[in-house]
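Data block below; observations after.
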Amino acid sequence: MACLTQQFVGLKCPPISTTRLVNPSNYHHQSKQKPRIVVQAAAVVANAQTRERLKLKEMFEDAYERCRTTPMEGVAFTVDDFHSALEKYDFDSEVGTKVKGTVFSVDANGALVDITAKSSAYLPLREASLHTIRHVEEAGIFPGLREEFVVVGENEADDSLVLSLRSIQYDLAWERCRQLQAEDVVIKGKVVGANKGGVVALVEGLRGFVPFSQISMKSTAEELLEKELPLKFVEVDEEQSRLVLSNRKAMADSQAQLGIGSVVLGTVQSLKPYGAFIDIGGINGLLHVSQISHDRVSDIATVLQPGDTLKVMILSHDRERGRVSLSTKKLEPTPGDMIRNPKLVFEKAEEMAQTFRQRIAQAEAMARADMLRFQPESGLTLNSDGILGPLTSELPEDGLDLSEIPLADDL
C-alpha cells in the first residue's frame, strides 16, 4: 500500500481551465439554433440538385429534337461513307473464295491470320504447303507475312474461317507441269514410292507415275527409292489427276547430246558376267567385257569395282531403247593398258578418242565415195584420181577437176 502511495505522490496534474466549463445557459441557446442551420443547408442542396436535373433534361430534349429533325448535322462520316466501309471490309466467306490476310501468330499446329473479318482465320499445318513440313516456318510463314489464301472451311466452334495455301500451290504446280510439258524439257524427280506397275516420283510437289516400261535402267523399285531420275512429261491431266512421266524419253534426249566418240566420266554401278554398268550423268551405259581391253579379261572384278570412277568413250547408243554402249578398249594407247596401267588410259583418253573420231570420219568419207562410184543413177561419178564429175558426153571423159575451182576468198 505504501508503494502505491509513493507512485501517486509523484504525479502532477495540470490545473483545470475555467474556459472549458460550459455555461448551462449558453448550451441551451446553441441547442435551439442548430436545427435551423441544418434545415437551411438541406434546402440549398435540394435546390442545386433540382437545377442540375432541369439542365440535363433540357440538354436531353434538345439532343432528341436534333436527332429527330437533323440527325446528320455536324457529322463528317456520312451514310455513303458507312456503306463504302462495309464494302471494303466485307468479303465472301464461301469455300473457294480467295482472301488477302496477314499472319500475326504461328505455333506448332498452324498460324493465325488477320483477314479483317469479325474473327481471325486459321491456317492449319497441313494446309500451309504442298510439301510435307513439320512447322509452318519451314514454308516461310512468319508473323507479318501478307499473302493470298483460299477459304477451305469454317470452324463451327467459333465461326472462324479455315484457310489454305496448299490449294493455291496445287493449282500452280499443275500449271507449271503443263508448261514444262509444252516446252518438252527434262526435269528431275525424286522416287518416293513404288507399286507393281512402276515407281512414284515427286515433281513440282505433285506425285507422278513412271511405268517400269519407261525406265531405261535395269533396276528394281527398291534400288530406285530416294533416287532422282531425269524425266519427261508424257501426260498431264489435272481433271483426272493423272501425271505420267518417262525416264526413257529423258534419257534419249540426253543421249542425243552424246556423239559417238565422245569421252565422258562415269561411275561403275554394278558388275555382270558380260560387262559392267556405268552411270554417265544419269544415263546407264554398258561397258561390255569385250570392250574393256584389247587383252582378254577373264574376270571383270580384277579390273573394275562398283564405285570406281573412270573415263569411257561412247561407242553407240539406241535412242528408242535408251541403251548406250561404252568402251575403254578404244582409249588404250597400247593393247592391254586398261589392265596394266588404267591411269595412263584415262590421261590419254581425249587424245585417243580424237584419233578414233578421225578414223571414223575417214571411213565415212570413203564409204560415201564408194557409193557414188558404183551408183551411176546418181548422175555423178569419181574417176581413179578421186575427181567428181557428171556422166555426160559434153564434159571431158575425166570429168570436172574440182581442185581448179578457186576458193571464196580468191574471188
Side-chain angles (χ1 to χ4, degrees), residues 110 123-141 150 152 164-257 266-267 269-270 272 277-286 306-307 318-324:
L123 175 69
L125 179 63
R126 66 180 181 277
E127 295 294 338
S129 175
L130 193 60
H131 302 277
T132 302
I133 58 176
R134 290 176 292 182
H135 197 283
V136 292
E137 292 181 349
E138 295 180 22
I141 299 174
V150 62
V152 294
S164 175
L165 281 174
R166 184 179 184 276
S167 297
I168 296 177
Q169 295 173 0
Y170 181 81
D171 294 338
L172 292 175
W174 278 104
E175 180 62 31
R176 177 62 175 160
C177 289
R178 285 190 290 269
Q179 180 183 356
L180 293 173
Q181 183 188 31
E183 295 175 358
D184 194 34
V185 298
V186 176
I187 49 94
K188 290 282 188 178
K190 184 177 182 180
V191 179
V192 295
N195 55 35
K196 294 182 179 179
V199 298
V200 178
L202 204 60
V203 177
E204 297 294 324
L206 301 176
R207 297 170 70 88
F209 181 66
V210 187
F212 282 125
S213 61
Q214 292 299 316
I215 299 177
S216 62
M217 60 192 72
K218 293 183 178 180
S219 302
T220 64
E222 290 75 14
E223 293 173 340
L224 294 175
L225 281 175
E226 299 301 318
K227 288 188 177 181
E228 285 193 344
L229 299 179
L231 301 167
K232 269 194 172 185
F233 291 97
V234 175
E235 182 180 357
V236 179
D237 189 344
E238 183 178 2
E239 293 183 359
Q240 300 295 327
S241 295
R242 285 176 57 86
L243 190 63
V244 183
L245 304 132
S246 173
N247 172 249
R248 285 191 179 277
K249 289 183 65 176
M251 291 297 96
D253 185 73
S254 300
Q255 292 167 13
Q257 303 174 9
T267 303
Q269 294 295 307
S270 61
K272 302 294 180 182
F277 284 99
I278 313 294
D279 177 18
I280 50 175
I283 302 173
N284 220 13
L286 175 63
D318 186 339
R319 297 179 183 179
E320 293 183 358
R321 303 176 67 181
R323 294 182 178 179
V324 181

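The shown structure was predicted, so the numbers you read here are calculated from the model rather than taken from an experiment.
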Inter-residue atom distance [X].[atom1] - [Y].[atom2], 0.5 Å rounding:
{"X": "L286", "Y": "I278", "atom1": "CG", "atom2": "CD1", "result": "8.5 Å"}
{"X": "E175", "Y": "L180", "atom1": "CD", "atom2": "CG", "result": "10.0 Å"}
{"X": "S246", "Y": "E235", "atom1": "OG", "atom2": "CD", "result": "13.0 Å"}
{"X": "E138", "Y": "L125", "atom1": "CD", "atom2": "CG", "result": "8.0 Å"}
{"X": "L229", "Y": "K188", "atom1": "CG", "atom2": "NZ", "result": "8.0 Å"}
{"X": "L243", "Y": "Q240", "atom1": "CG", "atom2": "CD", "result": "13.5 Å"}

Could you tell me whether the side chain of [Y] reaches within less than 4.5 Å of the side chain of [X], counting heavy atoms only?
{"X": "R166", "Y": "S129", "answer": "no"}
{"X": "L231", "Y": "Q214", "answer": "no"}
{"X": "P306", "Y": "Q269", "answer": "no"}
{"X": "N247", "Y": "P230", "answer": "yes"}
{"X": "L224", "Y": "I215", "answer": "yes"}
{"X": "F233", "Y": "D184", "answer": "no"}

Between Q179 and E183, is there a side-chain donor-acceptor contact under 3.5 Å, judged purely by atom types and distance? yes
Using side-chain contact (heavy atoms from CB on, under 4.5 Å) as the criterion, point out the one residue from V236, D237, V234, V210 that pairs with V244. V234
Search all heavy atoms of Q169 against all heavy atoms of A128 and return the closest pair with its distance. NE2-O, 4.0 Å
For the residue pair S241 and Y170, what are the closest heavy atoms and their distance? OG-OH, 3.9 Å
Validation: residues 190-206 side-chain donor-acceptor distances under 3.5 Å, sequence neighbours left out:
from, atom 1, to, atom 2, distance (Å)
K190, NZ, E226, OE1, 3.2
N195, OD1, G197, N, 2.9
N195, OD1, G198, N, 3.0

Under a 3.5 Å distance rule, please check whether E127 uses its side chain to pair with a backbone N or O of P124 as donor and acceptor. no
Hey, mind stepping through L172 and L130 against side chain to side chain contact (heavy atoms under 4.5 Å, CB included) and telling me if it holds? CA-CA 10 Å; L172 292 175; L130 193 60; over 6 Å; no
R242 atom CZ, over 12 foreign heavy atoms within 6.0 Å: no
